[in-house]
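Below is one structure, written out as structure tokens; comments come after it.
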Amino acid sequence: MAEGVGMSSDLVSNGDLLADLTDEQRAAVMHGEGPLLILAGAGSGKTRVITRRVAYLLRQGVRPGSILAITFTNKAAGEMRNRVEALVPGNRVFVSTFHSLGARLLRQYADRLEIDRNFTIYDMDDRNKIVKEALESAGIDNVRFTPERIGGGISKAKNQLLTPRQYEQTANDFFSQTVSKVYGTYQKRLRVANAMDFDDLLYLPAMALKLNEELRRDLDARFKYVLIDEYQDTNSAQYEIAKRLSQDYQNLCVVGDPDQSIYKWRGSDIKNIMDFERDFPSARVITLARNYRSTKAILAAADAVISHNKQRKKKTLVTDNGQGDPVRVLTFDNGLEEAEGVVMRIKDDVQAGKARYRDHAVFMRINALTRSLESAFVKHGVPFQIVKGLAFFDRKENKDVLAYLRLLVNPQDTISFLRAVNEPVRGIGKVSLERLVRYAEENEMGYLAAAGQVAKITDIRGKAATGLRDFHRLMTDLRSHLELPPHELIKLVLDKSGYRKMLVDSGEDEDADRLANVEELVTAAAQFHAEDATRGLGDFLEQITLASDVDSWDEAADHVSVMTLHAAKGLEFPIVYLLAVEHGLLPHERSLAKEEDIEEERRLCFVGMTRAMKQLNLCHSRLREFRGQALYAVPSMFLDELPADVERIDRAGRRNQPRSAIDEWRAKTNLALTGVADKNVTPTTGLKPKPVEIKPTIPDGVDTDYSVGAVVQHEEYGIGQVTNMSGFGALRRIKIRFAAAGEKTFVADKVKLKMVRRK
DNA sequence: CTGCTCGGCCTTTTT
DNA sequence: GGCCGAGCAG
């Protein structure tokens with residue numbers, strides 16, 4: 001659940017905005033004009049304070065249009081918008097992330113900035129492809145540095161507002177010099193494709209505000225009040241935007257907590273918050289130190305850890321909450337037992353009536369660790385949602401269809417052209433495409449336009465030539481329907497491109513799943529259109545690309561939430577499990593070289609710990625499987641920093657457990673695990689625990705016991721019959737044929753159905 | 001020239 | 001476990 005949801009007072013509708021606030025909170029809400037810095041410790045009710053402040057300003061007569069509120073995720077933006085509207089009905093304030101704001105400004109002021117407003121937003125995959133092309137055209141063999149690393153370098157440069165030329169001046173090591181060699185080419189390639197990467201969405205507006213005084217003045221006057229949440233995680237570009245929007249009207253209110261700065265690696269600069277008073281000498285500073293979220297035990301533990309950071313202003317969180325359960329450190333033998341142990345504990349809790357599934361969250365440092373958990377959840381029939389990296393829109397089939405759509409909106413889009421042109425197969429191979437690209441570049445035209453002139457490209461003949469001509473005709477035809485609502489257009493793409501036919505004809509199970517997924521893409525677009533019919537295909541695509549991981553998180557459903565520590569920022573849960581608190585994972589091994597990086601890892605740990613309201617469990621294993629290898633894992637240094645009164649439970653996974661694979665191994669070899677932690681027992685000699693056989697079955701318990709043939713009732717479409725089921729866990733899809741609406745595919749976990757007749 | 005398959009390589013965190 | 005590139009068959 002989001003921060004503050006637990007406080008009933010947030011449900012005040014149109015009532016007194018101030019009555020239930022502390023003196024400090026009230027001061028922050030009522031602060032009039034001028035810069036304001038709110039240093040808000042974890043759990044101090046900051047979201048609530050910003051929301052109330054916006055509502056307060058509105059009640060004071062400030063026009064909604066002159067308020068700009070910046071949040072860290074689109075989800076947080078939506079929530080704030082709704083809460084403000086509940087407090088001050090009829091007032092829609094502009095709440096957005098920095099990136100969405102940037103995209104909006106770029107499109108709105110496209111003419112003044114001389115850009116094409118139909119630009120495509122490139123995600124990291126797209127970015128890396130462009131980097132790769134740039135590396136190739138610069139003749140740099142990408143053996144030394146991966147496109148990802150180079151792309152990261154370019155990203156950092158842009159976040160620091162360095163132009164290719166400026167960056168060149170600062171490049172004094174081999175890596176930066178390599179980055180410098182492709183940075184300019186990279187930008188050119190983006191512009192040719194009429195594409196923006198994530199960083200451009202900040203870089204270009206920041207530059208425009210810096211260099212175009214007229215535009216700056218306009219926007220400063222338009223957004224007289226600017227509020228920024230999570231200010232400790234702003235980078236230089238975001239800082240520039242904030243500052244330039246707050247020169248003539250210095251009503252800039254920033255909220256943050258230096259102890260929760262966890263994005264230094266992507267350019268965020270803790271100095272922005274530390275130096276706020278220097279940037280705005282008239283700033284008022286309000287500190288919110290009282291914590292309303294956690295028990296004393298949890299706060300003491302979190303405080304003990306974070307106080308080991310040297311680069312830090314000392315501060316202590318206090319709470320009136322009770323002492324609560326002791327913080328637990330759970331030690332497991334291996335990752336499998338850890339996953340099972342955590343899931344079993346959660347299940348026990350729920351079955352004992354102590355908590356609901358939705359009260360639990362499991363955090364981890366890296367996405368890869370979610371996999372073992374997923375199996376355990378499925379095996380024990382515990383409902384869960386992984387707030388994850390590999391999301392719905394990242395699946396191949398959806399990316400393919402989205403490539404068509406992007407190319408429709410922006411015919412210059414090179415990456416999307418290359419993705420869509422031979423999917424389904426049209427007999428256009430690598431060589432023909434290289435020739436087409438060369439032709440397009442020589443004639444300074446888009447790839448799609450070049451495909452339209454394929455007759456002029458003498459070295460493309462036969463199948464490839466026909467395929468390209470067909471593809472160009474297809475896109476021309478589809479483009480004439482661009483004004484259709486997004487879902488209609490997607491259907492048209494699926495039919496006319498042959499993509500649907502390809503999946504239907506294939507007969508592979510996997511392709512049936514894919515078909516269900518692209519059908520669901522249609523549903524998603526239809527929903528998008530239903531929410532606001534004024535938004536078109538371009539808006540749909542933008543929303544998908546700019547959506548953050550937590551945006552897809554369903555906080556209302558009764559399931560355990562699983563996510564990375566980064567995604568957990570800003571959330572709170574009664575019971576929290578932190579997985580794999582081990583040296584090399586938290587702190588991550590890539591951070592071990594520098595003390596300042598370790599401090600960021602410690603802040604990350606702190607963020608995770610302070611999400612917990614009632615109970616906090618820190619888990620680690622003796623053995624960690626990684627890349628198919630089992631390695632001995634050392635407990636994290638952060639565990640040593642905990643206060644003495646934490647409860648340490650060893651071999652926590654043995655409770656309620658069948659004999660584990662490692663127990664069997666131990667019995668067989670007659671060795672005590674702890675005594676042989678050295679090289680003569682390698683994973684290949686049998687140490688690697690055999691995974692307990694886990695079949696991807698449907699979780700039992702929850703209402704997912706539909707089967708093909710069952711008759712169900714849907715609240716919107718009425719009675720229907722289940723015609724197909726596919727996938728499992730969160731990915732489980734159910735296909736239902738309705739009398740009136742025809743066949744629809746749903747996510748089984750999400751769809752609300754009433755069983756009419758079992759099969 | 002195209003398209004499929006197999007094997008080697010890498011793996012933090014994200015808008 | 002997943003992606004890319006090399007190698008091979010049509």
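Numbers restart at 1 for each chain; the letters A, B, ... are given by sequence-line order, proteins then strands. Note that this is a predicted model, so its numbers are computed, not measured.
- For the side-chain hydrogen bond (donor to acceptor under 3.5 Å, both in side chains) test with A:Glu582, the passing option among A:Arg624, A:Arg365, A:His620 is A:Arg624; the others fail.
- In the set B:dG3, B:dT13, B:dT15, the nucleotide with an atom closest to the side chain of A:Arg266 is B:dT15.
- Distance CD (A:Glu133) to P (C:dC4): 13 Å, rounded to an integer number of Å.
- One finds no side-chain N or O of A:Thr545 lying less than 4.0 angstrom from the OP1 or OP2 phosphate oxygen of B:dT15.
- Using a 4.0 Å heavy-atom distance criterion, A:Leu201 is classed as making no nucleic acid contact.
- Side-chain nitrogen and oxygen atoms of A:Lys132 include at least one within less than 4.0 Å of the OP1 or OP2 phosphate oxygen of C:dG5.
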| query | Does the salt bridge (Lys or Arg N to Asp or Glu O under 4.0 Å) test come out yes or no for A:Arg590 and A:Glu601, once each step is laid out? | reply | CA-CA 10 Å; A:Arg590 302 273 282 253; A:Glu601 298 286 308; over 6 Å; no
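- Scanning for ring pair (Phe, Tyr, Trp, His ring centres under 6.0 Å) contacts around A:Tyr263 gives A:Phe72, A:Trp265, A:His566, with sequence neighbours left out.
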| Can you list the steps and then say if A:Asp269 with A:Tyr239 is a side-chain hydrogen bond (donor to acceptor under 3.5 Å, both in side chains)? | CA-CA 9 Å; A:Asp269 191 347; A:Tyr239 170 78; over 6 Å; no
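- Side chains of A:Glu230 and A:Gln232: a donor-acceptor N/O pair is present below 3.5 angstrom, by distance only.
- Toward the 5' end of DNA chain B, the nearer of the two residues A:Lys430 and A:His566, judged by each one's closest nucleotide, is A:Lys430.
- Where A:Arg426 and A:Leu546 each meet DNA chain B at their nearest nucleotide, the meeting point lying more 5' is that of A:Arg426.
- Within the structure, a side-chain polar atom (N or O) of A:Asn367 is placed less than 4.0 Å from OP1 or OP2 of B:dT13.
- When rounded to the nearest whole Å, the span between CG of A:Asn159 and P of B:dT14 equals 16 Å.
- When rounded to the nearest whole Å, the span between CZ of A:Arg365 and C1' of B:dT11 equals 13 Å.
- Among the protein residues, A:Ala464 comes within range of the sugar-phosphate backbone only, with heavy atoms under 4.0 Å from sugar or phosphate atoms but none that close to a base.
- Between A:Arg590 and the phosphate of B:dT12, there is a side-chain N or O to OP1/OP2 separation shorter than 4.0 Å.
- The A:Ser432 side chain lies nearest to B:dC1 when the options are B:dT13, B:dT15, B:dC1.
- Distance A:Glu230 CD to B:dT15 P: 13 Å, rounded to the nearest Å.
- Taking every side-chain heavy atom of A:Arg435 into account, B:dC1 is the closest of B:dT15, B:dT12, B:dC1.
- In terms of the ring pair (Phe, Tyr, Trp, His ring centres under 6.0 Å) criterion, residue partners of A:Phe528 (sequence neighbours excluded) are, by chain and number, A:Phe540.
- Across all strands, A:Phe98 comes closer than 4.0 Å to no nucleic acid atom at all (heavy-atom distances).
- Atom P of nucleotide B:dT12 and atom NZ of A:Lys264 are separated by 17 Å, given to the nearest angstrom.
- Note: NZ (A:Lys399) to P (C:dC3) measures 10 Å, nearest angstrom.
- Atom CD in A:Gln232 sits roughly 15 Å away from atom C1' in B:dT13 (whole-Å rounding).
- Taking atom CE of residue A:Met563 and atom P of nucleotide B:dT14, one finds them 12 Å apart after rounding to whole Å.
- Residue A:His588 places its side chain closer to B:dT12 than to any other of B:dT12, B:dT15, B:dT14.
- B:dT13 has its base stacked against the ring of A:Trp265, the centroids being under 5.5 angstrom apart at an interplanar angle below 30°.
- For B:dT2, neither phosphate oxygen OP1 nor OP2 lies less than 4.0 angstrom from any side-chain nitrogen or oxygen of A:Asn422.
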